[in-house]
Amino acid sequence: MIDPRLLRDDPDRVAAALSRRGVDPAALEQLRLLDEQRRELIAGVDAARAEQRTASQAIGRAEPADRPALIAQAGARKGELAAREQQLARVEADHAAAFARVPNLPHPDAPDGVEGDGVVRGTLGQRPSFDFPPRDHVELLEAADAIDLARGAKVSGARFAYLKGEGALLEFALVRYAIDIAMEYGHVPVIPPVLVRESAMYGTGFLPTDAQQLFTTRDEEYYLIGTSEVPLAALHLDELLDPDDLPVRYVGYSPCFRREAGAHGKDTRGILRVHQFEKVELFSFVAPEDSDAEHERILAIEQEVFDGLQIHAQIVDIPVGDLGASAARKFDLEAWLPGQDAYREITSCSNTTDYQARRLRTRIRVDRGNNVLAHTLNGTALAVQRAIIALVEQHQREDGSVVVPARLQPYLGRERLFAG
RNA sequence: GGAGGGUUGGCCGAGCGGACGAAGGCAGCGGUCUUGAAAACCGCCGUGCGGCGCGAGUCGUACCGGGGGUUCGAAUCCCCCACCCUCCGCCA
């Protein structure tokens, strides 16, 4: 949620920032009016309550003989208060719903544009060249019996797969490798719940806007997380953090579930886009003034992870038109996939400034009640399936085997994969 | 799944219809004392929303797990829900 006070005090600035994301200024003006209406009603209700309270308290102090008259008098005011309260409740509900739909203010440095307009800010490694026609990950993994797509489809449907044998071992190795790097940067490892309540989805900004991407349980009591960002962000729901404890850094490992609604026919081959995948996720709570630096730090972790895997990728500053609702700025790592001859997203890190924290009510204690909202940031340390794709496609040899990068070898216990 | 007991401020814990934002203790902060520290003593010490003020602040209101109800008045009474604990059953 954006700051209603900022909209109140500086509506032009908010309108200018959000127009970069295509938000209609007229809609913001409506919001501002709603906010004004809300404040007027609050003043009225508070005054009515004050009156009623003093009247009731007087009854307690009065002589018993005088009470019946005072009670009748106080009782007469009840209806008016209730009516005002009802009106306020309606406006509060509209207010909350309307504000929930407004995306975060983009970072001033985030580039303009829509999907595809990202600015490349650097590259990792060298683009590998092959003196044979490179295979894609499906060919490589299936030949080695490291993946079973057909049976994944039989059991669970399209966009599901089994990782088997060296494919499964690869996951364990990659996960531990990524977690070790994150820990060196001070992130505390966490295995979070993967089923969460609606309040956690709402607080992290996935609801109401991304409802069509989420799986729910049959009784609809729970949502399946689309990323461990959700339970990690919600960890400090409704908490006041001590500034001495900051920054608070976590690295979560969990499965992630996505409906991929609207992606019909897109990336249907292999495990690039599946309904269930595993991910090692970085998450930080920081003081507002530190969030830009923390964003760079998270990006640095992602770079170290993929540098260590000797994967060639480019670092992209994502344009405002392609940002999720809660992000002010986002950097993606896009690895080159020889099987597609294209750069595809393998990690993503976002600075959500105070947008998530406002909904989650995660604040930082500051002197004399000037508490501030925390800034939250998230990033992919390693998305297992996509990392496997990049790794096997970039490090493949003509015989279909894969050279294991030196830094991963201790975790995998071998120098070659799929060597037969 | 069945039976019972709980949920109060950063923590512990009193309160069981009226002057309660809530006793007391611990922790924390400031001070007195001390060469320094400890101890002792004194003071301060919740959060949200809204109003006023340039500001330190100040006024109003809400909050005792969440929601609803009864009442002139609810932390206290009633209903629903969530969570925690104990016992039984089941279970990796």
Side-chain angles (χ1 to χ4, degrees), chain A residues 1-10 31-100 191-203 207 216-223 231 234-246 248 255 285 354-374:
Chain A
M1 191 166 103
I2 62 161
D3 186 357
R5 268 177 264 195
L6 186 64
L7 180 64
R8 188 184 307 166
D9 297 339
D10 201 350
L31 265 186
R32 207 185 57 74
L33 291 172
L34 194 60
D35 185 54
E36 210 168 274
Q37 196 187 354
R38 170 177 168 271
R39 283 182 296 140
E40 276 170 26
L41 284 168
I42 286 174
V45 166
D46 279 0
R49 277 205 276 243
E51 210 176 296
Q52 210 231 18
R53 239 167 77 111
T54 21
S56 295
Q57 282 168 345
I59 293 167
R61 278 189 297 266
E63 294 297 322
D66 299 335
R67 286 183 184 177
L70 290 170
I71 289 173
Q73 215 176 343
R77 294 210 182 94
K78 282 182 77 174
E80 197 210 338
L81 212 207
R84 279 173 189 264
E85 280 176 334
Q86 263 176 33
Q87 203 186 350
L88 176 60
R90 273 195 299 273
V91 171
E92 291 271 26
D94 289 350
H95 186 269
F99 270 87
I191 308 288
V194 301
L195 261 42
V196 300
R197 292 196 168 144
E198 187 178 36
S199 60
M201 280 296 173
Y202 177 81
L207 285 176
T216 60
T217 56
R218 196 175 193 104
D219 57 16
E220 308 217 333
E221 288 226 26
Y222 300 106
Y223 287 85
L235 225 152
H236 296 294
L237 178 79
D238 211 9
E239 288 185 25
L240 243 190
L241 304 176
D242 191 317
D244 296 342
D245 295 337
L246 296 179
V248 176
F285 296 87
D354 62 8
Y355 188 88
Q356 279 182 341
R358 182 167 291 107
R359 288 198 199 181
L360 292 164
R361 296 176 305 281
T362 302
R363 293 107 66 218
I364 301 167
R365 188 182 295 282
V366 181
D367 308 320
R368 295 187 301 278
N370 296 312
N371 299 333
V372 295
L373 290 161

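Proteins get letters first, then strands, A, B, ... in listed order; numbering begins at 1 in each. Bear in mind that the values here come from a model prediction, so they are computed numbers and not experimental data.
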Between atom CZ in A:Arg84 and atom C1' in B:A62, what is the gap in whole Å? 17 Å
Options B:G60, B:C72, B:G50, nucleotide nearest the side-chain atoms of A:Ala74: B:C72
Taken to the nearest whole Å, CZ/A:Phe99 to C1'/B:C49 is 14 Å
Could you give me the CA-CA distance, side-chain angles and deciding distance for A:Asp94 and A:Arg90, then say whether salt bridge (charged side-chain N to carboxylate O under 4.0 Å, His left out) is met? CA-CA 6 Å; A:Asp94 289 350; A:Arg90 273 195 299 273; over 6 Å; no
In whole Å, what is the span from the CG atom of A:Asp46 to the P atom of B:U58? 19 Å
Are A:Glu239 and A:Arg363 ion-paired here, with the side-chain N under 4.0 Å from a carboxylate O? no
Send over the distance from A:Leu240 CG to B:C11 P, rounded to a whole Å. 11 Å
Please compare A:Asp35 and A:Glu51 by the position of their nearest nucleotide in RNA chain B and report the one closer to 5'. A:Asp35
At under 4.0 Å, does any side-chain N or O of A:Arg361 touch on OP1 or OP2 of B:G48? no
With rounding to whole Å, what would you report as the distance between B:G9 and B:G46 at their P atoms? 14 Å
Every protein N/O lying under 3.5 Å from an N/O of nucleotides 76-83 of chain B:
residue : atom : partner  : partner atom : Å
B:A82   : O3'  : A:Arg197 : NH2          : 2.8
B:A82   : O2'  : A:Arg197 : NH2          : 3.0

Complement of B:G53, any strand, by Watson-Crick or G-U distances under 3.5 angstrom: none
How far does the P atom of B:C54 sit from the matching atom of B:U61, given to the nearest Å? 24 Å
Measure CZ/A:Arg38 against P/B:A62 and give the value in whole Å, please. 16 Å
What integer number of Å spans the P atoms of B:A22 and B:U58? 15 Å
Nucleotide opposite B:G48 in a Watson-Crick or G-U pair, distances under 3.5 Å: B:U61
Paired with B:C33 by Watson-Crick or G-U wobble geometry, both distances under 3.5 Å: which nucleotide is it? none
Nearest-Å distance once atom C1' is located in both B:C33 and B:A40: 9 Å
Residue matched to B:A39 through Watson-Crick or wobble contacts both under 3.5 angstrom: none
Complementary nucleotide of B:A14, counting Watson-Crick and G-U pairs under 3.5 Å: none
Look at the side-chain N and O atoms of A:Arg5 and state whether any lies under 4.0 Å from the OP1 or OP2 oxygen of B:C49. yes
Grab the N/O contacts between the protein and nucleotides 15-22 of chain B below 3.5 Å, and write none if there aren't any.
residue : atom : partner : partner atom : Å
B:G18   : N2   : A:Ser56 : O            : 2.8

Using the ring of A:Tyr223 (Phe, Tyr or Trp, six-membered ring only), decide whether A:Arg197 places NZ or CZ under 6.0 Å from its centre and within 45 degrees of its axis. no
In this structure, how many angstroms lie between the C1' atom of B:U47 and the CZ atom of A:Arg363, rounded? 6 Å
Among the candidates B:U61, B:G50, B:G46, find the nucleotide nearest to the side-chain atoms of A:Ala50. B:U61
Regarding A:Asp242 and A:Arg365, does a basic nitrogen lie under 4.0 Å from an acidic carboxylate oxygen? no
Checking base pairs now: Watson-Crick or wobble, both atom distances under 3.5 Å. What partners B:U7? B:A82
Of all the choices, B:A62, B:G51, B:U71, which nucleotide is nearest to the side chain of A:Arg49 once you look at every atom? B:A62
Counting only Watson-Crick pairs (N1-N3 plus N6-O4 or O6-N4) and G-U wobbles (N1-O2, O6-N3), all under 3.5 Å, who is the partner of B:C20? none
B:C79 to B:C20 separation - C1' atoms, rounded to the nearest Å: 25 Å
For B:U71, the Watson-Crick or wobble counterpart (both distances under 3.5 Å): none
Mind calculating the distance between CG (A:Asp242) and P (B:U47) to the nearest angstrom? 13 Å
When you compare B:U7 with B:C90, how far apart are their P atoms, in angstrom units rounded to a whole number? 31 Å
